[in-house]
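Structure first, commentary second.
The structure presented is a predicted model; accordingly, all values stated were derived computationally and were not measured.
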Amino acid sequence: MNAKKQYNKVVLAYSGGLDTSIIIPWLKETYGVKDVIAVCGNVGQGKELDGLYEKAINTGASDAYIEDLTEEFITDYVYPTMQAGAVYEGKYLLGTSFARPVIAKRLVEIAKEVGADAICHGATGKGNDQVRFELTVKALAPDIDIIAPWRIWDIKSREEEIEYAQARNIPVPVDKEHNYSMDANIWHLSHEGSDLEDPWNEPKDDLYMICKTPEEAPDKPCYFTIEFEQGIPVSIDGQKYGPVELVTKLNELGAENGVGIDDLVENRLVGMKSRGVYENPGGRILYTAHAGLEMLTLDKDTMHYKEGVAAKYAELVYDGKWFCPLREALAAFVAETQKTVTGTVRMKLYKGNCTHVGLKSPYSLYSEEFATFGEDEVYDHKDAEGFINLFGLPLKVRALALKDKEV
């Protein structure tokens with residue numbers, strides 16, 4: 001990137017956090033930018049949005065957009081990923097990963113509307129988000145320039161960022177004593193940095209801002225039902241909810257019962273391992289419930305094949321390839337599998353544990369008549385002998401061929 005290039009108008013992915021707070025003056029000082037358009041994608045950050053417009057303007061932005069993307073985020077990004085069963089490296093429910101493309105998509109739309117010369121983001125050169133933002137921009141607006149300050153400026157640490165901000169009287173939401181890097185949306189809250197950078201350190205109880213710890217959770221289990229229609233959750237305990245309200249309600253239930261806390265060391269796309277602690281109460285409930293209902297309604301071949309699809313889907317989302325042909329093709333496959341994933345799941349939450357304890361569906365493939373250990377009139381045990389003879393024939397033929405031979 002040529003730091004001497006001049007830009008007239010730049011759209012900035014703005015959160016009001018430490019990075020983007022100092023980027024506004026930095027863009028003006030470095031590139032001579034006349035108009036910095038701050039764009040915040042509201043994907044359920046909550047109180048983080050309070051006063052954000054005024055803060056952006058007071059920090060030097062010429063205009064600011066606070067775009068409500070929460071329902072689009074859930075219906076078009078969260079739910080398809082959940083239907084896929086996509087979990088990165090066995091734990092991570094991709095909360096930041098699929099929030100970035102919905103935000104970047106809106107950045108592109110606004111950049112085109114206002115005639116911006118470039119799009120800027122505050123993701124670091126060590127992280128995954130730079131890839132997620134930029135791949136989305138490249139897929140949707142291949143001709144627009146991208147500015148990534150962390151790959152250009154002389155600032156080397158969060159401490160230096162704080163000093164830069166203080167020198168320009170820019171208020172920031174962190175200080176040197178509470179220096180976690182956090183990302184919040186309606187789906188999750190992530191924590192990185194500070195004492196978490198040593199994997200030996202147990203997360204402090206006061207780290208958690210959404211969930212109770214399992215020790216603090218009630219001593220009595222919490223039961224409720226979730227109803228799905230074609231893989232989409234539509235009601236809790238028989239009461240219909242819209243997507244935002246449903247996830248919000250499940251977040252409350254999960255958080256109260258210590259559900260959804262995950263501590264993992266993950267493989268970043270850029271090659272290093274990083275340690276993160278995630279609070280994802282509603283997400284953990286939905287993934288568990290949805291997987292339970294699929295156990296009941298999907299045939300063996302589809303279910304087993306879908307497990308491989310889930311792993312690849314998760315990798316694509318994590319790597320920022322939301323708008324790539326393969327993810328879109330896999331999403332079409334997943335959508336086809338969801339046509340019979342309709343039914344009700346009874347959930348049990350207790351001190352951090354989340355399990356399904358009851359399943360029913362009009363499309364259930366489970367037959368008590370066939371599966372019973374009691375007497376039945378539909379299954380002939382004699383049929384198993386012929387099946388085993390044919391199923392095991394390759395093993396028998398190989399064993400006979402190798403008999404008395406050294407291999």
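- Proximity of a side-chain donor or acceptor of E279 to a complementary backbone N or O of I210 within less than 3.5 Å is detected.
- Judged by distance alone, the side chains of D145 and Y7 do bring a donor and an acceptor atom under 3.5 Å apart.
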Practice problem: Take V137 and I144 through the side-chain contact (heavy atoms from CB on, under 4.5 Å) test and state the conclusion after the steps. | Solution: CA-CA 8 Å; V137 175; I144 198 164; 3.4 Å; yes
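- Remark: E192 CD to S181 OG distance equals 5.5 Å, nearest 0.5 Å.
- Under the 30°/60° scheme for interplanar angles, the aromatic rings of Y88 and Y318 are found to lie parallel.
- Ion pairing between a basic and an acidic side chain is recognised when a charged N comes within 4.0 Å of a carboxylate O; D68 and R106 show no such pairing.
- Nearest heavy-atom pair, I261 versus T213, reported as atom, atom and distance to 0.1 Å: CD1-CA, 4.4 Å.
- Atom NZ of K240 has more than 12 heavy atoms from other residues, nucleotides or ligands within 6.0 Å.
- Looking at T124, its side chain does come within 3.5 Å of a backbone N or O of K126 through a donor-acceptor pair.
- Between I37 and S62, the closest side-chain pair of non-hydrogen atoms falls below 4.5 Å.
- Between the N257 side chain and the L253 main chain, a donor and an acceptor come within less than 3.5 Å of each other.
- Taking the centre and axis of the six-membered ring of Y164, the NZ or CZ atom of R168 falls inside the cone set by 45° and 6.0 Å.
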Practice problem: Given side-chain contact (heavy atoms from CB on, under 4.5 Å), test L330 with L316 step by step and report yes or no. | Solution: CA-CA 10 Å; L330 294 181; L316 292 170; 3.9 Å; yes
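- Remark: the T302 side chain and the D299 side chain contain an N/O donor-acceptor pair separated by less than 3.5 Å.
- Side-chain N or O atoms of W322 include none that pairs as donor or acceptor with a backbone N or O of V102 at under 3.5 Å.
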Quiz prompt | Step-by-step salt bridge (charged side-chain N to carboxylate O under 4.0 Å, His left out) determination, K34 to D117 | solution = CA-CA 11 Å; K34 294 180 180 178; D117 306 306; over 6 Å; no
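- We find the CG-NZ distance between L94 and K91 to be 14.5 Å, quoted to the nearest 0.5 Å.
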Practice problem: Decide side-chain contact (heavy atoms from CB on, under 4.5 Å) for I186 and V43; before the verdict, give the C-alpha distance in whole Å, the side-chain angles of both, and the deciding distance to 0.1 Å. | Solution: CA-CA 6 Å; I186 192 172; V43 285; 5.7 Å; no
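- Panel note: side chain T70, backbone N42; a donor-acceptor pair is recorded below 3.5 Å.
- In this structure a side-chain-to-backbone donor-acceptor pair under 3.5 Å is missing from T30 to L27.
- Between Q45 and C40 there is a side-chain heavy-atom pair separated by less than 4.5 Å.
- Aromatic ring orientation, Y92 versus H188: tilted (interplanar angle from 30° to 60°).
- Heavy atoms of other residues, nucleotides or ligands lying less than 6.0 angstrom from CD of E307 number more than 12.
- Of the inter-residue distances, the one linking T136 atom OG1 with L107 atom CG reads 9.5 Å to the nearest 0.5 angstrom.
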Exercise. Take R275 and E197, measure what salt bridge (charged side-chain N to carboxylate O under 4.0 Å, His left out) needs, and give me the verdict at the end.
Key: CA-CA 6 Å; R275 196 265 188 100; E197 291 185 349; over 6 Å; no
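- For E109 and K105, the salt-bridge test passes: some basic side-chain N is under 4.0 Å from an acidic carboxylate O.
- In summary, the side chains of Y180 and D195 do present a donor paired with an acceptor at a separation below 3.5 Å, with no hydrogens or angles considered.
- Residues F228 and V345 have side chains in contact (heavy-atom distance under 4.5 Å, counting atoms from C-beta outward).
- Atoms OH and CE, from Y366 and M295 in turn, are 11.5 Å apart once rounded to the nearest 0.5 Å.
- I155 is listed as a side-chain neighbour of I22, based on a closest heavy-atom distance under 4.5 Å.
- Here R132 pairs with D129 under the salt bridge (charged side-chain N to carboxylate O under 4.0 Å, His left out) rule; sequence neighbours left out.
- A distance-only check finds no donor-acceptor pair linking the side chain of S364 to the backbone of K360 [under 3.5 Å].
- The two residues P394 and L390 come nearest to each other via the heavy atoms CD-O, 3.9 Å.
- Counted by atom type alone, S190 and D183 present zero donor-acceptor pairs between their side chains at under 3.5 Å.
- Considering all non-hydrogen atoms of both residues, Q6 and G32 come closest at OE1-CA, 3.8 Å.
- Taking the six-membered ring for Trp, Y65 and Y14 have ring centres at least 6.0 Å apart.
- For K351, the NZ atom counts as densely surrounded, since its 6.0 Å shell holds more than 12 non-hydrogen atoms of other residues, nucleotides or ligands.
- Enclosure of atom NZ in K9 by more than 12 non-hydrogen atoms of other residues, nucleotides or ligands within 6.0 angstrom is indicated.
- No hydrogens or angles considered: nothing links the side chains of T342 and S361 as a donor-acceptor pair under 3.5 Å.
- At a threshold of 4.5 Å between non-hydrogen side-chain atoms, the residues I103 and R100 count as touching.
- Residues R346 and T225 have side chains that never bring a donor and an acceptor to within less than 3.5 angstrom of each other.
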Practice problem: Start with the C-alpha gap between V10 and I147, add the side-chain angles, then the distance that decides, and say whether side-chain contact (heavy atoms from CB on, under 4.5 Å) holds. | Solution: CA-CA 9 Å; V10 173; I147 302 173; 4.2 Å; yes
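- Taking the side chain as every heavy atom from C-beta outward, E256 and C222 never approach each other to under 4.5 Å.
- Remark: E294 pairs with K306, Q338 by the side-chain hydrogen bond (donor to acceptor under 3.5 Å, both in side chains) rule, at least two apart or across chains.
- Of the inter-residue distances, the one linking Y241 atom OH with I236 atom CD1 reads 5.5 Å to the nearest 0.5 angstrom.
- The existence of a salt bridge linking K339 and E336 is confirmed by a sub-4.0 Å separation between a basic side-chain nitrogen and an acidic carboxylate oxygen.
- A distance-only check finds a donor-acceptor pair linking the side chain of S15 to the backbone of G17 [under 3.5 Å].
- Smallest separation of non-hydrogen atoms from Y31 and I152: OH-CD1, 3.3 Å.
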Quiz prompt | E134/R151 under salt bridge (charged side-chain N to carboxylate O under 4.0 Å, His left out): CA gap, chis, key distance, verdict | solution = CA-CA 13 Å; E134 294 183 33; R151 302 203 296 260; 2.8 Å; yes
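- Without hydrogens or angle criteria, N280 side chain to D262 main chain gives no donor-acceptor distance under 3.5 Å.
- The number of heavy atoms from other shown groups lying within 6.0 Å of NZ (K321) does not exceed 12.
- Rounding to the nearest 0.5 Å gives a distance of 5.5 Å between OH of Y278 and CG of L264.
- In K138, the NZ atom is not crowded: 12 or fewer heavy atoms of neighbouring residues, nucleotides or ligands sit closer than 6.0 Å.
- Other residues, nucleotides and ligands place more than 12 heavy atoms under 6.0 Å from the CZ atom of F333.
- Side-chain N or O atoms of R284 include none that pairs as donor or acceptor with a backbone N or O of V259 at under 3.5 Å.
- Scanning both residues, G16 and L52, for their nearest heavy atoms gives CA-CD1, 3.7 Å.
- Residues S97 and N128 fail the side-chain proximity criterion, which asks for heavy atoms closer than 4.5 Å.
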